[in-house]
*Asks:* 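Provided herewith is a single structure, encoded as C-alpha cells, for subsequent inquiry.
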Protein chains: 2
Amino acid sequence: MEPFGRFSPVNDERLPMVKAASLADILYAKLEEEIISGVIPAGSKLPAQKDIAEREEVSRTVVREAVARLEAQGFAVARQGSGVYVSETAQYRAFQVTKEELSELSDVIKLLEMRQAIEAEMAGLAAARRTQADIAEMRAALRRMREVGDDPAASAQVDSEFHLAIARATQNDYFVRFIQFLGVRLVPPRSLYLRDQSEDVHHAYVGKVSDEHEALLEAIIRMDIEGARLAARLHMQESLIRHSELSDAIASGNDGSRPK
Amino acid sequence: MEPFGRFSPVNDERLPMVKAASLADILYAKLEEEIISGVIPAGSKLPAQKDIAEREEVSRTVVREAVARLEAQGFAVARQGSGVYVSETAQYRAFQVTKEELSELSDVIKLLEMRQAIEAEMAGLAAARRTQADIAEMRAALRRMREVGDDPAASAQVDSEFHLAIARATQNDYFVRFIQFLGVRLVPPRSLYLRDQSEDVHHAYVGKVSDEHEALLEAIIRMDIEGARLAARLHMQESLIRHSELSDAIASGNDGSRPK
DNA sequence: ATTTATCAGGTTGGCATACAACTTTGACAC
DNA sequence: GTGTCAAAGTTGTATGCCAACCTGATAAAT
C-alpha cells in the first residue's frame with residue numbers, strides 16, 4: 001500500500017504540497033487498488049453504493065465521490081438503475097509523473113533516459129517520413145536558435161520547438177504528445193541557467209548544442225535512418241551530461257531548499 | 001458545445017455503450033472546456049460550489065461530483081476552507097489515451113509504433129545492464145510460454161510478462177510503468193484470438209513469436225546492445241504486422257461499422 | 001509600530017434523508 | 001413458453017445541516 005502522494009496531481013510549489021487525504025481519497029485508493037490487483041475483477045459489478053457506504057462506515061456522499069473519480073480515470077462506469085461496473089479495460093491509468101518524483105535527481109535522469117530512447121527512434125522515423133514542410137520547420141527552428149543567441153530562456157524554448165518539429169515529422173501524433181508531456185517536466189529551472197555562468201561558457205554551450213542539432217537535421221534531410229538515430233542518441237547523451245553537471249553545480253552551490 | 005444527446009429511452013436488445021449524460025457529466029465537460037480554453041485561467045479560483053450550483057441551476061451535489069472529476073483528471077485542486085483552484089499546469093496533464101482513440105485502428109498502429117521505439121531502446125539498455133536475476137526472470141517467462149502452449153489468453157499474459165522482465169532489466173522504473181501503461185491498451189481483444197483459427201495456424205504463430213523472443217533474450221544475455229535493439233525492433237515489427245492482419249480479418253469478417 | 005490573539009464570515013468535507021429516474025427480477029396471466 | 005407488469009433494487013439529484021478549515025480584519029499586547 002502506498003502513501004497518498006499522487007492525489008494532488010499538480011500544483012504550485014509554495015503552497016502545502018500534501019493536502020490531507022479526504023475520506024473520498026482513501027476510499028478511491030482502496031477501490032483502485034482492488035481493481036488493479038484484480039480483487040474486483042474486470043467487468044464485475046461493484047457492491048451497491050449503499051452497501052459500500054455501510055461496509056466502509058462512510059456516507060454515500062463519500063462513496064459517490066470516490067466512484068466519480070474511478071469513472072474519471074476510466075476504471076469504472078456507473079449505469080443508473082443498474083450499478084457500477086468495473087471497466088473491461090481497467091488498469092487504464094494514465095502514464096503520469098508526480099512532482100515529488102521530479103524533485104529527485106535520479107528520477108529526472110531516468111526520465112531523460114526515456115526521452116533519449118524516444119528521441120532516437122523518433123529521429124529514425126522522421127528521417128524516413130519527413131516532408132519538405134517538416135524540413136522547413138526544423139530549419140526555421142535552428143535559424144531562430146541562432147538569432148536568439150545567448151538568451152537562455154528563449155533558447156530553451158526554441159530548442160523544444162526543434163524537437164517538436166522532429167516529433168511532427170514522424171507523422172505520429174503520439175510522439176508529439178509524449179514529447180510535450182515530457183518536455184515541460186525536464187526543462188531545468190531557469191535559475192540553473194541564470195547562475196554565474198561566464199559569457200563564453202554559455203556561448204560554448206550554445207555552439208555545441210547547435211552543432212549537434214545541425215548534424216541531426218542533416219541526417220534527417222538525407223533520410224539516413226541509422227545516422228539520425230545515432231545523432232539523436234548522441235545529442236541526448238550530451239544533454240544528459242550537461243544536465244547532470246548543472247545539477248551538480250547547484251548541489252554544491254546551495255542546497256536548493258525553498259523557505260516556507 | 002457538445003451534443004451529449006439524451007435520446008428517448010429506446011431499448012435495443014443490446015446494452016447501450018453510451019450511457020446517458022448526467023448533470024455532473026455535463027457540468028464537468030463545461031468546466032473542463034472553460035479551463036482548457038483559458039476562460040478560467042490557470043491558478044485562479046473557481047467560484048464557490050454554492051455559487052456554481054446557483055448559476056448552473058443544479059444542486060451542490062452535482063457540482064461536487066464535477067469537481068471530484070476535475071480533481072481526478074488533474075485539472076483542479078480543492079482546498080478545504082479555501083476554494084477550488086485550477087491547476088497551474090492544467091494543460092500539461094498526464095499522457096493518456098482515450099477509449100475513442102483506441103477504437104481507431106490507425107491510432108492503435110501508431111501506439112504500436114511508439115511501443116516499438118520504446119522496446120528497441122529498452123532492449124539495448126537491458127543488454128547493457130541486465131543482472132543474473134533479470135535473465136532468470138526472462139528465461140522463466142519463456143519457459144512458461146512453452147508450457148501454456150496454445151491457450152491464447154495465457155500466452156498473451158506470459159508474453160507481457162516477458163516484456164515486463166525486459167523493462168525491469170533496464171533498471172529504470174519508468175520503462176516498466178510505460179510498458180504497463182501501453183500494454184493493456186494494445187492487447188487485441190480476446191475475441192480476435194478466438195475466431196476461427198485452425199490449430200496449426202495458431203501453432204505456427206506461437207512458434208514464430210517464440211523464436212523472436214529467444215533471439216532477443218540471447219542478445220541481451222551476451223550483452224549485445226545493437227543486436228538486442230535489432231531483435232526487439234524486428235519482433236515488434238512482426239507483432240505489428242500480425243496485429244494488422246488480425247484487424248483486417250475482422251474488418252472483412254463483420255461489418256466493422258465505426259462512426260467517422 | 002509591530003507582533004500576536006481572537007473572531008466572524010466564507011468555503012470545502014461529510015452526513016443524513018428523501019425522492020426521481022432507471023433497471024432488473026420475478027410473479028402472474030395467457 | 002411468452003408477454004405484462006408491478007415491486008424491489010440501484011444510481012442520480014436535491015436539500016439541509018454541521019464540522020473542519022482558511023482568510024482577512026479587528027483588537028489586544030508588547
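Just so we're clear, the structure is a prediction, and the values are computed from it rather than from any experiment. Heavy atoms only: backbone and side chains are in, while hydrogens, waters and symmetry mates are out. Chain letters run A, B, ... following the sequence lines, proteins first, then strands; residues in each count from 1.
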*Asks:* For nucleotides 3-5 of chain D, tabulate all protein N/O to nucleotide N/O atom pairs closer than 3.5 Å, reporting atom names and distance.
*Replies:*
none

*Asks:* Taking only residues two or more places apart in sequence, or in another chain, which ones meet B:E54 in a side-chain contact (heavy atoms from CB on, under 4.5 Å)?
*Replies:*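 Listed in chain order: B:K50.
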*Asks:* Who pairs with A:Y85 by ring pair (Phe, Tyr, Trp, His ring centres under 6.0 Å), at least two apart in sequence or on another chain?
*Replies:*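 By the ring pair (Phe, Tyr, Trp, His ring centres under 6.0 Å) rule, A:Y85 matches no residue at all.
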*Asks:* Starting at the 5' end of DNA chain C, which residue's closest nucleotide do you reach first, A:Y85 or A:E65?
*Replies:*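 By nearest-heavy-atom nucleotide position, the 5'-most residue is A:E65.
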*Asks:* Return the set of residues passing side-chain contact (heavy atoms from CB on, under 4.5 Å) with A:L240 (not counting sequence neighbours), or none when no residue passes.
*Replies:* A:I109, A:L112, A:Q116, A:S244
*Asks:* Applying salt bridge (charged side-chain N to carboxylate O under 4.0 Å, His left out), can you list everything that pairs with B:E56, at least two apart in sequence or on another chain?
*Replies:* B:K30
*Asks:* Restricting to side-chain contact (heavy atoms from CB on, under 4.5 Å), what partner residues turn up for A:A24, sequence neighbours left out?
*Replies:*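 Partners of A:A24 under the side-chain contact (heavy atoms from CB on, under 4.5 Å) test: A:S22, A:V62, A:E65, A:R69.
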*Asks:* Just how far, in rounded Å, is C1' of D:dG12 from CG of B:D25?
*Replies:*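 Taking atom C1' of D:dG12 as the reference, CG of B:D25 is at 11 Å.
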*Asks:* What pairs with A:A165 under side-chain contact (heavy atoms from CB on, under 4.5 Å), at least two apart in sequence or on another chain?
*Replies:*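 In terms of side-chain contact (heavy atoms from CB on, under 4.5 Å), with neighbours along the sequence ignored, A:A165 is linked to A:E137, A:M138.
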*Asks:* Could you list all N or O pairs between the protein and nucleotides 15-19 of chain C that sit under 3.5 Å apart?
*Replies:*
from, atom 1, to, atom 2, distance (Å)
C:dC15, OP2, A:S59, N, 2.9
C:dC15, OP2, A:S59, OG, 2.8

*Asks:* Run the salt bridge (charged side-chain N to carboxylate O under 4.0 Å, His left out) test against A:E161 and tell me which residues pass, sequence neighbours left out.
*Replies:* A:R144
*Asks:* Taking only the side-chain heavy atoms of B:S82 (C-beta and beyond), determine which of C:dT23, D:dT23, C:dG13 contains the nearest atom.
*Replies:* D:dT23
